[in-house]
Amino acid sequence: MAALFEELIVLLDLKVVGQPQWHVFPEPGGITGLTLLAESHLAIHTFPEHGFAALNVYCCRPRSRPDFESLVAKRLGAASCEVRELKRGVMA
């Protein structure tokens, strides 16, 4: 998961603020990871007992969309990936 975060940071030209934080839950639990960014944050929550991981890439400005499907297949061994993109913005 750290490799996934590192690859996203490079691909999206993100600026890390501080050290990534990782919490490993007791079996059968998974891992929660968080990296604070100047642009906002990266977070992941894994649920191995359900074969599920939720990755959140939150940026305060638009970026090119990386190939999330290939990234999570390569870094997490995912057999499938569903991407939901939410447009964020400030309403004036």
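Please read these numbers as outputs of a predicted model, since none were measured by experiment.
Here the side chain of Ser40 pairs no donor or acceptor atom with the backbone of Cys60 at under 3.5 angstrom.
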Could you pull out all donor-acceptor pairs under 3.5 Å where a side-chain atom in residues 1-10 meets a protein atom, sequence neighbours excluded?
unit_1	atom_1	unit_2	atom_2	d
Glu7	OE1	Lys74	NZ	3.3
Glu7	OE1	Arg75	NE	2.8
Glu7	OE1	Arg75	NH2	2.9
Glu7	OE2	Lys74	NZ	3.1

Under 3.5 Å, sequence neighbours excluded: what are the donor-acceptor pairs made by side chains of residues 21-28?
unit_1	atom_1	unit_2	atom_2	d
Gln21	NE2	Gln19	O	3.3

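With values rounded to the nearest 0.5 angstrom, Thr35 atom OG1 is found 10.0 Å from Leu14 atom CG. Atom SG of residue Cys59 and atom CG of residue Leu37 lie 6.5 Å apart, to the nearest 0.5 angstrom.
Of all non-hydrogen atoms in Thr46 and Gly30, the two that sit nearest each other are OG1-CA, 3.3 Å. Smallest separation of non-hydrogen atoms from Val17 and Ala38: CG2-N, 3.4 Å.
Through chains of ILVMFWY side-chain contacts below 4.5 Å, Phe52 is grouped with Phe47.
Neither Leu36 nor Leu12 shares a network with the other; the hydrophobic side chains, linked directly or stepwise wherever heavy atoms of I, L, V, M, F, W or Y lie under 4.5 Å apart, form separate groups for each.
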Margin query: The test is side-chain contact (heavy atoms from CB on, under 4.5 Å); show your working for Leu76 and Leu55 and say whether it passes.
Written below: CA-CA 11 Å; Leu76 303 181; Leu55 173 66; over 6 Å; no

Margin query: side-chain contact (heavy atoms from CB on, under 4.5 Å), that's the test. Do Ile44 and Ile31 meet it? Break it down for me.
Written below: CA-CA 8 Å; Ile44 192 165; Ile31 297 173; 5.7 Å; no

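Evaluation of the side-chain hydrogen bond (donor to acceptor under 3.5 Å, both in side chains) rule for Ser70 yields Asp67 as partners, not counting sequence neighbours. Among residues two or more places apart in sequence or in another chain, the side chain to side chain contact (heavy atoms under 4.5 Å, CB included) test is passed with Ala43 by Leu34, His41, His45, Asn56.
Pairs passing the salt bridge (Lys or Arg N to Asp or Glu O under 4.0 Å) check and including a residue from residues 9-26, sequence neighbours excluded, read Asp13-Lys15. Judged as a salt bridge (Lys or Arg N to Asp or Glu O under 4.0 Å), the pairs with a partner in residues 29-55 (not counting sequence neighbours) are, in order, Glu39-Arg63. Residue pairs meeting the ring pair (Phe, Tyr, Trp, His ring centres under 6.0 Å) criterion with at least one member in residues 62-86, sequence neighbours excluded, do not occur.
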